[in-house]
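Numbers restart at 1 for each chain; the letters A, B, ... are given by sequence-line order, proteins then strands. Computation of the quantities below employed the complete heavy-atom set of this structure, encompassing side-chain atoms and omitting hydrogens, waters and symmetry-equivalent molecules.
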Protein chains: 2
Amino acid sequence: MPSISIKAEAMPASPIRKLVPYAEAAKKRGTKVYHLNIGQPDIETPEVALRAIKQLDRKVIEYSHSAGFESYRNKLSIAYLNQGLPINTEDILVTTGGSEALIFGFMSTCNPGDEIIIPEPFYANYNGFAVSAGLSVVPVTSHIEKSFALPPVEEIELKITNKTKAIVICNPGNPTGYLYSQKELEQLRDIVKKYDLFLFADEVYREFCYDGHKPFSVMNLKGIENHVVMVDSVSKRYSMCGARIGALITKNKEVMAAALKFGQARLSPPTVDQIAAEAALDTPQSYFDNVVSEYVERRNIMVDGLNAIPGVFCPKPSGAFYCVARFPVDDAERFCQWLLEEFNYKGQTVMMAPANGFYSTGGAGKNEARIAYVLNKESLRNAVECLKEALLVYPGKV
Amino acid sequence: MPSISIKAEAMPASPIRKLVPYAEAAKKRGTKVYHLNIGQPDIETPEVALRAIKQLDRKVIEYSHSAGFESYRNKLSIAYLNQGLPINTEDILVTTGGSEALIFGFMSTCNPGDEIIIPEPFYANYNGFAVSAGLSVVPVTSHIEKSFALPPVEEIELKITNKTKAIVICNPGNPTGYLYSQKELEQLRDIVKKYDLFLFADEVYREFCYDGHKPFSVMNLKGIENHVVMVDSVSKRYSMCGARIGALITKNKEVMAAALKFGQARLSPPTVDQIAAEAALDTPQSYFDNVVSEYVERRNIMVDGLNAIPGVFCPKPSGAFYCVARFPVDDAERFCQWLLEEFNYKGQTVMMAPANGFYSTGGAGKNEARIAYVLNKESLRNAVECLKEALLVYPGKV
């Protein structure tokens, strides 16, 4: 029997993979499990997008252009311009989710063996995309005490070698919810300019910014237009994760031409989903206002609730719908497993994603967990109560 | 400005890429262009699939399982079993098109630097997937005089080195339409067993077999279950190319586990399209009977028409909806360009895909072109007439 590949061996499993069987067993025992472990929002997809699907008037579901429907790219460009992002139609390659945009971006810019620097904790699937492209992830650690702000420039520069090809950020951040300031982004601008690197920014949570904060896009950084690749997606914006429509955005013509060749090999992004994504651009502002105010309330319930539990610390994030909390426990992974395997409070328990899976540095984030506040407020209140009660009885409490 | 990657430089452009501007210019001049160059059928998508899309009753377009909806995999398994293919639910990973199945398959089994043997001419995008995975394509030439039958075993064995990891076939074949016999597949079985290789079979045209021929699937080859990876797709079967729903199918548990890790990194295949693909499994047999009889007529018009033109030779294929024809010309690429740039007959011309793009061996297929007979019969008759008239006046005729 022929052996599988080295890449296949190196591909990381999902950070919550090990916990899934325990969650399933808990449900079988009749325990209600609050899923704070995944970024699948319960928010409804905008009616205008659903209607476009239901009113499909095609007899043949044909390929689209490999870069996506031109009508969609045009309309997307206008939407960006209206938001102050200087993005024209030709700067957009429609991809099958933000995931594909990252893979195409890495494949187009980095050679096998190259290094990419990523502030940790970071979205765990970046590891998978790096393995696919044969890259090494070099983490630079951000800290919960500093709300996961960008690490100091000197620390980032210390990580740069002659193999470094790119810096990758997620802004607002998954898993931290941290929103980089303009100043932080300008620090990154200076670094990528100085060392001639690419800057990848995953901005799929751009609409989820709170407390009056506005996101600052890498597309607005002056003087590094040819260094920047922005990744976007409709998944979170319109609660359309299953549409698998994203975009690779760059002013760098060579990168765009390269990414398009990868796009041509896979033919096209999905057609009906692009039609829905194009229609979604007509989503009224009130939809976003409602979603943002809902998430602010959810965040407050979750983060204030967590901080009210003795020994728990959770910085209050300004964006996305995640937070990372530090628990007074020996090992957050063990705590998360115990919550599912041995604990329940009034027949309820909580599933969280242990944060060690979001760090590359061994041992980092050992007593942290990521929480996605994507459930309704009552569920979140119950979840906080579960965690409070759990910490009263967890044997590994420190 | 940082440089793009070596892979990006190596990514091949589409074989028809260079011709696209000439086709556009021809249309601007008012010439009707018959597109025989692409595999986008004009056949309608089954009503049952379109209806499933229009009747979508979800409020949130959520991710599916990374391996695809279980309900879809179950129903797909039953459909395969009914066709005599021993494929269970756990042998199926739903992918974003057959393209992704090939990429996941290559990534899961082959290391960068490994070689894959492919009978040429072959589907040109295999080159792109090979580049993505860092593999070298080693062609073994099949010949138009032999209708593109499998090359002799000895020729294939001559290509095997200690870097060879897999043999890749497409059956029925794009671009040739050739349908491998059970005997030919058993020859491949013996080779992959002898040399401990993987056997990838792209069987997305399985439903398109003519003249009473039945396709023989690699899944029915005994004794090499752990060597076989089958690639499937709804694109051609249901004329749903834009749905981007395919499948990686294997009995090899290690390969399946590896491919699933790549699948988890990209989260899920598209949701609404899977719903449509699941519904499409209820397409009545009459749909396929009609499609097959339509394609038989189209093939006969095209192939018989081509062979009636002095100097043209086109083997009559038993499957898919392509044929490769040899023209009495100096260079088929030049001929194809000339057809668009300088020729028209009664205001009409033809766009074909020069076959050299489907060969890896330099110079091979120089006077051949691929024709997709995906247009209605009248258009095909007109296209044949155009080609006949063109060869009367083409200056590079030999």
### Query
A:Ser5 versus chain B, heavy atoms under 4.5 Å apart: side chain, backbone, both or neither?
both

#### Entry: Contacting moiety of A:Arg58, where chain B heavy atoms sit under 4.5 Å
backbone

### Task
Answer with side chain, backbone, both or neither: which region of A:Phe262 has an atom nearer than 4.5 Å to a non-hydrogen atom of chain B?
both

### Message
If you define the side chain from C-beta out and look only at heavy atoms, does anything of A:Ile61 sit under 4.5 Å from B:Leu50?
### Response
yes

### Proximal component of A:Leu197, with respect to chain B [non-hydrogen, under 4.5 Å]
backbone

#### Entry: Region of A:Asp114 in contact with chain B, defined by heavy-atom distances below 4.5 Å
neither

### 4.5 Å side-chain heavy-atom contact, B:Ile53 and A:Ile53
yes

### Atom group of A:Thr96 that falls short of 4.5 Å from chain B, counting heavy atoms
side chain

### Message
Between B:Leu267 and A:Ser99, is there a side-chain heavy-atom distance shorter than 4.5 Å?
### Response
yes

### Query
So what's closer than 4.5 Å to chain B heavy atoms on A:Ile245: side chain, backbone, both or neither?
neither

#### Entry: Heavy atoms of other groups near A:Lys163 NZ, more than 12 under 6.0 Å
no

### Query
Does any heavy atom of chain B fall under 4.5 Å from the side chain of A:Lys165, the backbone, both, or neither of them?
side chain

### Message
Heavy-atom cut-off 4.5 Å, strictly under: side chain, backbone, both or neither for A:Glu9 against chain B?
### Response
backbone

### Query
Are B:His227 and A:Pro2 close enough that some pair of their side-chain heavy atoms sits under 4.5 Å apart?
yes

